[in-house]
Asker: 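Before I ask anything, here is the structure I am working with.
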There are 2 protein chains.
Amino acid sequence: MRQPLDPDLFARCATVRTPIQIGDKWTSKIITCLLDGPRRFTELQVPLRGITPKVLTESLRAMERDGLVTRTVYDEIPPRVEYELTALGRTLLGPMAACCAWTREHLPELLDARAAYGAR
Amino acid sequence: MRQPLDPDLFARCATVRTPIQIGDKWTSKIITCLLDGPRRFTELQVPLRGITPKVLTESLRAMERDGLVTRTVYDEIPPRVEYELTALGRTLLGPMAACCAWTREHLPELLDARAAYGAR
DNA sequence: CGGTATCCACGGGGATACTG
DNA sequence: CAGTATCCCCGTGGATACCG
């Protein structure tokens, strides 16, 4: 819950476009980051290697708008903002798991098909 | 198997961007069209209301490249080409069903969240 | 710390017209 | 019939810089 996010959390994720996509480019990774409890903006930036603040803000705002996360501002100095998964956000975990299972099981076939297609 | 595709096959599909996406904009619909057997190019265009030939070609080529469909050319006049789901293509039916189930179950909450967000 | 403000490159997707 | 060929628009996402 309170341990920092692994900077290499997504190091072993497939770089190729998987056929199943949850939300925008970053949505599923953000959800993964929030699994163990609320996280701060800069905390999220760590495993999301190189994401720019603008893009992270856009993704988080879209998720907030759709009711997937809540955004809580604590009136302190320095400022503190925490993002947390909602119940609705958690309902995406099932589809996400199904997506990962599909990828584990069938990505090799897809890559084989691509290689075969490219070899003509 | 051999009956024509319903022109209104997707009439009742949600127009809003659902959070879960299979392939590109048309992939899941094309897969649905191919469920009962091979279909021809112009046959696919009917339920895919208004899709331009260029875009349909792009989607089908991408699916062929990824091993989701086969493209069979019959050397006749007039030309005949048939697209058919592969075994790999059929493996996406599970995730697609999960996606539809999620939408049926949770889309109202998402729309409520959007409405509430918009009302501030 | 948690963002905005600009600017920009790229790719998906659509409109229209033409062809083997 | 089953596409190509062009042209174009727009949204996503990245780079960079600045701010309360």
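Naming: A, B, ... by sequence-line order, numbering from 1 per chain. What you see is a predicted model; the values in this text were computed from it and never measured.
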Asker: Where do B:Glu84 and B:Leu34 land on the side-chain contact (heavy atoms from CB on, under 4.5 Å) test, with the steps shown first?
Answerer: CA-CA 6 Å; B:Glu84 186 168 15; B:Leu34 296 179; over 6 Å; no
Asker: Measure CG/B:Asp75 against P/D:dA2 and give the value in whole Å, please.
Answerer: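 Nearest whole value for this atom pair: 13 Å.
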Asker: Hey, could you give me the CZ/SG distance between A:Arg104 and A:Cys99, rounded to the nearest 0.5 Å?
Answerer: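 The SG atom of A:Cys99 is 9.5 Å from CZ of A:Arg104, to the nearest 0.5 Å.
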Asker: Should A:Met96 and A:Phe10 be counted in the same cluster of Ile, Leu, Val, Met, Phe, Trp and Tyr side chains packed under 4.5 Å apart?
Answerer: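 Result: yes, single cluster for both.
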Asker: Looking at every non-hydrogen atom in both residues, tell me the closest pair between A:Leu48 and A:Leu56 and how far apart they are.
Answerer: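 That closest heavy-atom pairing would be CD2-CD1, 4.1 Å.
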Asker: Between B:Pro79 and B:Arg40, which heavy-atom pair has the shortest distance, and what is it?
Answerer: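 B:Pro79 and B:Arg40 have their closest heavy atoms at O-NH2, 3.4 Å.
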Asker: Find out whether A:Thr103 and A:Leu110 are in side-chain contact, i.e. whether some heavy atom of one side chain is under 4.5 Å from a heavy atom of the other.
Answerer: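 Not touching, per the 4.5 Å side-chain cut-off.
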Asker: Over the length of the helix from C:dC1-D:dG20 to C:dG20-D:dC1, how much do the five-pair end axes diverge, rounded to 10 degrees?
Answerer: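 Roughly 50° between the end axes, to the nearest 10°.
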Asker: Could you go through A:Glu82 and A:Thr70, starting from their C-alpha distance and side-chain angles, then the distance that decides it, and tell me whether this counts as side-chain contact (heavy atoms from CB on, under 4.5 Å)?
Answerer: CA-CA 8 Å; A:Glu82 284 189 340; A:Thr70 56; over 6 Å; no
Asker: According to a hydrophobic-cluster definition based on side-chain heavy atoms being under 4.5 Å apart (Ile, Leu, Val, Met, Phe, Trp, Tyr only), do A:Leu68 and B:Tyr117 belong together?
Answerer: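 Not linked; separate clusters.
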Asker: Quick one: on DNA chain C, does B:Gln21 or A:Tyr83 contact a more 5' nucleotide (nearest heavy atom)?
Answerer: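 Here A:Tyr83 is the residue nearer the 5' end.
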Asker: Flag the pair A:Gln21 / A:Ser28 as yes when at least one side-chain heavy-atom distance between them is below 4.5 Å, and no otherwise.
Answerer: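 No, every pair of side-chain atoms sits at 4.5 Å or beyond.
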Asker: B:Arg71 has an atom CZ; how far is it from atom P of D:dA2, in whole Å?
Answerer: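 Computing the B:Arg71:CZ to D:dA2:P distance gives 10 Å.
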Asker: Return the value, rounded to whole Å, for the distance between atom CZ of B:Arg39 and atom C1' of D:dC1.
Answerer: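 So the CZ-C1' distance, B:Arg39 to D:dC1, works out to 17 Å.
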Asker: So which of B:Asp24, B:Leu44, B:Val69 actually passes side-chain contact (heavy atoms from CB on, under 4.5 Å) with B:Ser59?
Answerer: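 Of the listed residues B:Asp24, B:Leu44, B:Val69, the side-chain contact (heavy atoms from CB on, under 4.5 Å) partner of B:Ser59 is B:Asp24.
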Asker: Would you mind telling me which residue lines up with the more 5' stretch of DNA chain D, A:Lys25 or A:Pro79, judged by nearest nucleotide?
Answerer: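 The residue closer to the strand's 5' end, by nearest nucleotide, is A:Lys25.
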Asker: Please give me every residue in residues 47-68 of chain A whose heavy atoms get under 4.0 Å of an atom in DNA chain C, ordered by residue number.
Answerer: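 Here the set is A:Pro53, A:Lys54, A:Thr57, A:Arg61.
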Asker: Under 4.0 Å between a side-chain N or O of B:Arg40 and OP1 or OP2 of D:dA2?
Answerer: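 It does, given that an N or O in the side chain of B:Arg40 lies less than 4.0 Å from OP1 or OP2 of D:dA2.
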Asker: Give, for atom NE2 of A:His106 and atom CD1 of A:Ile20, the distance between the pair rounded to the nearest 0.5 Å.
Answerer: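 One gets 9.0 Å once the value is rounded to the nearest 0.5 Å.
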Asker: Let me know the distance between CD of A:Gln45 and P of D:dG13, rounded to the nearest Å.
Answerer: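 Atom-to-atom, A:Gln45 to D:dG13, this comes out as 16 Å.
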Asker: Taking heavy atoms of chain B and a 4.0 Å limit, find me the 5'-most and 3'-most nucleotide of DNA chain C within that range.
Answerer: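 Listed 5' to 3', the contact boundaries are C:dG13 to C:dG20.
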